[in-house]
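Note sheet for the following structure.
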There are 2 protein chains.
Amino acid sequence: METPHALAAFGALSQPTRLATFRLLIQALPAGLPAGEIAAALAVRQNTLSAHLAVLAEAGLVRGERQGRTIRYHAEIDRLRALLGFLTQDCCGGRPDLCAPLADALTGVPARPACEPNTETEPPCRSSNAT
Amino acid sequence: METPHALAAFGALSQPTRLATFRLLIQALPAGLPAGEIAAALAVRQNTLSAHLAVLAEAGLVRGERQGRTIRYHAEIDRLRALLGFLTQDCCGGRPDLCAPLADALTGVPARPACEPNTETEPPCRSSNAT
DNA sequence: GGGGCGTTTCCATATTTCGGGAAATATCGA
DNA sequence: TCGATATTTCCCGAAATATGGAAACGCCCC
């Protein structure tokens, strides 16, 4: 992820309604939620929510697709992953000692103390025998 | 981390100068950097930077301590970790399937499952995959 | 104590953002 | 075609934010 995208994502998440929306949509994965349902759940007017959804979509954090007369939104988990990578690439890039506790927070597992400075978009090895 | 703290953190990171400042300070860990040096590195006026540093400090992302007549700032890595945890607790909380790729992005190493069910002669994934 | 340096605070202004009301667009059902 | 529902777009005023200049504060050295 590049800096402008990260800025957009942070900006999008820095507003209470938008943050709540994003979290709600993550919890609603993978089905997603129609805009009206989000508005009802968050007690926000639809036009206001629409503007917030537009910001989130512009930041790439959510995506909406029309289903009949409703528009169903769902979180873009890949974008979240990219954002996490962006946040950690600075420290994990050259400092595995700093990276380890960060990974710890995410996984709850002490994580091996060796982060390679590549945190973009490449799943290392979990392909052959994953679940 | 609680929502208001996360909002403050996102708001703090949603401004170009502040994001650059935070990243710079993370790279400068653990020594930190004096305010003047940050301002010079980012080509920002000191009063402007001071305001931004105040926002970052208010969000708990950086901390400054006086050293003689300079004030040396350094990133709060624990806060960053808390922020990562906040971002992932929604999906990781109940959905390990979503959490795994997220942790992956962070460390380059899959969380717990996914890598080696029972083969012990296999080196643990992270072998060599630099793009 | 006086002068100099680093940093912050105060003030003023331009820009952006937020939320509400009303209207417009798109889809469905009859 | 008509009405109803879901969602967005447009426009507005209010509030927050960013930045610059000038001044103030704290600390060091002489």
Side-chain angles (χ1 to χ4, degrees), chain A residues 3-25 28 31-76, chain B residues 3-25 28 31-76:
Chain A
T3 301
H5 295 153
L7 281 168
F10 289 134
L13 295 176
S14 68
Q15 206 280 337
T17 300
R18 286 197 296 262
L19 180 58
T21 299
F22 184 62
R23 298 184 74 179
L24 191 63
L25 285 177
L33 250 46
E37 219 163 298
I38 303 172
L42 271 46
V44 182
R45 297 187 171 247
Q46 282 198 342
N47 56 357
T48 296
L49 179 72
S50 180
H52 287 317
L53 282 171
V55 174
L56 285 167
E58 179 68 23
L61 290 169
V62 308
R63 185 165 50 92
E65 59 179 294
R66 183 138 225 150
Q67 275 190 355
R69 59 184 141 179
T70 79
I71 296 182
R72 178 171 295 264
Y73 284 87
H74 43 82
E76 292 273 29
Chain B
T3 300
H5 294 153
L7 282 170
F10 288 134
L13 294 177
S14 68
Q15 205 280 339
T17 300
R18 286 198 295 264
L19 180 58
T21 299
F22 185 61
R23 299 184 73 179
L24 193 63
L25 285 176
L33 250 43
E37 219 163 299
I38 303 172
L42 271 48
V44 182
R45 300 193 171 241
Q46 281 198 339
N47 56 357
T48 297
L49 180 71
S50 181
H52 287 316
L53 282 170
V55 174
L56 285 167
E58 179 68 21
L61 290 169
V62 308
R63 187 165 51 90
E65 59 178 297
R66 182 136 225 151
Q67 275 191 355
R69 61 183 140 174
T70 80
I71 298 182
R72 178 171 292 264
Y73 284 88
H74 44 81
E76 293 273 26

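Below, read A as the first sequence line, B as the second, and so on, with proteins coming before strands; counting in each chain starts at 1.
Here the side chain of A:Arg66 is nearest to one of C:dG19, D:dT8, C:dT27, namely C:dT27.
Contact check, A:Ser50 against D:dT8: a side-chain N or O comes under 4.0 Å of OP1 or OP2. B:Gln15 has no side-chain polar atom (N or O) that falls below the 4.0 Å cut-off from OP1 or OP2 of C:dT16. The shortest distance between the side-chain N/O atoms of B:Thr70 and the OP1/OP2 oxygens of C:dG6 is not below 4.0 Å. Contact annotation: A:Tyr73 reaches the phosphate of D:dT8 (side-chain N/O to OP1 or OP2, under 4.0 Å). In this structure, A:His52 does not reach the C:dT17 phosphate: none of its side-chain N or O atoms is under 4.0 Å from OP1 or OP2.
Per the geometry, CG belonging to B:Leu49 stands 12 Å off C1' belonging to D:dT19, to the nearest Å. When the C1' atom of D:dA24 is taken as reference, atom CG of B:Asn47 falls 13 Å away, rounded to whole Å. For the pair A:Leu56 CG and D:dT7 P, the interatomic distance rounds to 16 Å; values are reported in whole Å. When the P atom of D:dG21 is taken as reference, atom CD of B:Gln46 falls 13 Å away, rounded to whole Å. If you measure from atom CG of A:Leu53 to atom C1' of D:dT7, you get 10 Å, rounded to the nearest angstrom. In this structure, CZ of A:Arg45 is placed 18 Å from P of D:dT9, rounded to the nearest angstrom. At whole-Å resolution of the value, CD1 in A:Ile71 and P in C:dA26 are 11 Å apart.
For the side-chain hydrogen bond (donor to acceptor under 3.5 Å, both in side chains) with B:Arg72, the lone residue among B:Glu37, B:Gln67, B:Glu65 that qualifies is B:Gln67. The side-chain contact (heavy atoms from CB on, under 4.5 Å) test with A:Tyr73 is passed by exactly one of A:Leu56, A:Leu24, A:Ile38, A:Leu49: A:Ile38.
Residue whose closest nucleotide on DNA chain C sits further toward the 5' end, between A:Val55 and A:Arg69: A:Val55. Where A:Arg72 and B:Thr17 meet DNA chain D, the nucleotide closest to each residue was compared, and A:Arg72 sits on the side nearer the 5' end.
Between the B:Thr21 side chain and the B:Thr17 main chain, a donor and an acceptor come within less than 3.5 Å of each other. No side-chain donor-acceptor contact under 3.5 Å links B:Arg45 to the backbone of B:Ser50.
Backbone-only engagement by A:Arg18 is indicated by non-hydrogen atom pairs under 4.0 Å involving sugar-phosphate atoms exclusively.
One finds the CZ atom of B:Phe22 at 9.0 Å from the CD atom of B:Glu76 (value rounded to the nearest 0.5 Å).
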